[in-house]
Asks: 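Right, I'll just put the structure down here and ask away after.
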Amino acid sequence: MILLIDAGNTRIKWRLQAAAGGLVHDEGAVAHENLAALSRLRARAAEPLRVVGSNVAGSETARRIRDALDVEQIEWLRPGAQACGVRNLYAEPSQLGADRWAALIGAHDLHAGACLVVMAGTATTVDLLSADGDFLGGLILPGVELMQQSLANGTAQLPLAAGSFATQPRCTADAIRSGCLQAQAGAIERMFRQVAARPGALCLLGGGAADAFADLLELPLKRFDNLVLHGLATVAAVSGPQPAGNTA
């Protein structure tokens with residue numbers, strides 16, 4: 001069996017699937033403070049268990065995940081110049097986030113045309129991918145909640161208050177919420193313009209915060225909530241278990 005791990009800034013998402021054929025047995029997510037709950041997956045998984053992951057939460061989180069799973073090694077994805085038909089055109093390919101790299105690989109496997117790959121979480125990433133598999137570049141911006149928190153923390157009179165979206169906000173809470181949502185949608189729509197004229201161009205949208213602004217987007221859209229896990233599964237399917245020296 002293969003256990004796929006997406007260690008993000010807020011949650012650790014996981015999927016347990018068959019090594020052959022990719023049949024998904026179960027999937028879920030845990031908050032960082034509940035990371036020890038991953039230990040229950042070890043008992044449920046048939047041996048041998050291969051663990052393949054993406055980690056943007058740091059080396060201490062990687063260690064805690066390995067300890068919780070009680071495995072000798074985890075194959076953490078390392079961004080490189082190319083993988084699974086995707087070419088990384090970052091100036092320094094290794095500097096691309098592992099989650100963005102996995103999501104791009106997953107998107108290329110899912111969609112044959114040009115696409116905009118959007119993951120909305122603590123941060124929102126907006127990445128351009130050509131039909132030929134070239135990662136052309138992308139944006140990183142604060143997520144919806146982080147935008148709201150920054151306004152509350154950085155100003156004297158703007159509260160961290162629950163507001164609702166309005167096209168013409170008429171109270172401060174609604175103005176803050178609407179501004180943060182419009183900022184997300186506007187950035188995504190502006191980036192999509194770069195591929196909009198290409199045949200089959202599509203925005204693939206995922207992440208825990210995507211529901212907040214998905215309805216505002218006026219572009220060809222498909223929701224896919226586990227792009228990182230799908231990318232990791234794609235990588236695992238074309239590569240055998242890696243030696244211990246290539247893991248962390």
Side-chain angles (χ1 to χ4, degrees), residues 6 8-11 13 29 31 56 96-97 99-131 135-155 157-231:
D6 171 17
N9 292 299
T10 303
R11 298 185 302 161
K13 283 79 73 180
V56 298
L96 181 66
D99 56 343
R100 293 170 70 192
W101 185 227
L104 287 161
I105 291 170
H108 188 60
D109 182 69
L110 288 165
H111 182 61
C115 60
L116 189 68
V117 182
V118 180
M119 294 190 298
T122 305
T124 300
T125 58
V126 187
D127 291 325
L128 291 160
L129 183 66
S130 76
F135 164 52
L136 304 172
L139 306 179
I140 303 173
L141 59 152
V144 176
E145 301 304 323
L146 196 55
M147 280 188 174
Q148 291 191 226
Q149 291 168 13
S150 68
L151 282 172
N153 295 336
T155 60
Q157 297 185 5
L158 294 180
L160 182 58
S164 300
F165 176 79
T167 55
Q168 297 177 337
R170 295 179 182 176
C171 70
T172 299
D174 288 356
I176 291 171
R177 183 67 175 177
S178 301
C180 294
L181 295 175
Q182 292 278 33
Q184 303 285 316
I188 292 166
E189 289 177 353
R190 286 179 64 87
M191 287 295 282
F192 187 74
R193 292 176 193 172
Q194 298 184 53
V195 296
R198 302 183 187 185
L202 180 68
C203 175
L204 288 175
L205 173 65
D211 286 342
F213 58 82
D215 289 344
L216 300 180
L217 295 172
E218 298 179 357
L219 41 69
L221 178 68
K222 181 177 181 180
R223 294 293 301 274
F224 198 94
D225 286 333
N226 290 309
L227 275 174
V228 174
L229 294 178
H230 186 81

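Positions are given from 1, in the same order as the sequence printed here.
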Asks: Check each of Val144, Leu151, Leu146 against Gln148 using the side-chain contact (heavy atoms from CB on, under 4.5 Å) test, and report the only one that passes.
Replies: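 Option passing the side-chain contact (heavy atoms from CB on, under 4.5 Å) with Gln148: Val144.
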
Asks: Can you tell me how far SG of Cys115 sits from CG of Leu204, rounded to the nearest 0.5 angstrom?
Replies: 5.0 Å

Asks: Might you point out which heavy atoms bring Pro142 and Gln184 nearest each other, and give the distance in Å?
Replies: O-NE2, 2.8 Å

Asks: Quick one, Lys222 and His111 - any side-chain contact, counting heavy atoms below 4.5 Å?
Replies: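 The answer is no, as the side chains (C-beta and beyond) never meet within the 4.5 Å cut-off.
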
Asks: State, to 0.1 Å, how close Gly137 and Met191 come at their nearest heavy-atom pair, and which atoms those are.
Replies: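 For Gly137 versus Met191, the nearest heavy atoms are O-CE, 4.5 Å.
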
Asks: Are the side chains of Met147 and Leu141 in touch, meaning some heavy atoms are under 4.5 Å apart?
Replies: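 Met147 reaches Leu141 side chain to side chain.
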
Asks: If every non-hydrogen atom of Arg177 is compared with every non-hydrogen atom of Phe165, which pair is closest and at what distance?
Replies: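 It is CG-N, 4.3 Å.
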
Asks: With the side chain counted from C-beta on, respond yes when Asn226 and Asp6 share a heavy-atom pair under 4.5 Å apart, and no when they do not.
Replies: no

Asks: Just so I know, are the side chains of Leu217 and Val118 near enough to count as touching, which here means a heavy-atom distance under 4.5 Å?
Replies: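 Result no, sub-4.5 Å side-chain heavy-atom pair not found.
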
Asks: Any donor-acceptor pair under 3.5 Å linking the side chain of Asp174 with the backbone of Gly163?
Replies: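 No; judged by distance alone, with no hydrogens or angles, the pair does not exist.
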
Asks: Quick one: does Thr125's side chain get under 4.5 Å of Asp99's, heavy atoms only?
Replies: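 Result no, sub-4.5 Å side-chain heavy-atom pair not found.
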
Asks: Can you tell me how far apart CD1 (Ile176) and OG1 (Thr155) are? Round to the nearest 0.5 Å.
Replies: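 So the gap between those two atoms works out to 7.0 Å.
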
Asks: Taking the side chain as C-beta and beyond, is there a heavy-atom pair between Leu136 and Leu129 under 4.5 Å?
Replies: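 Heavy-atom side-chain distance check fails, nothing below 4.5 Å.
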
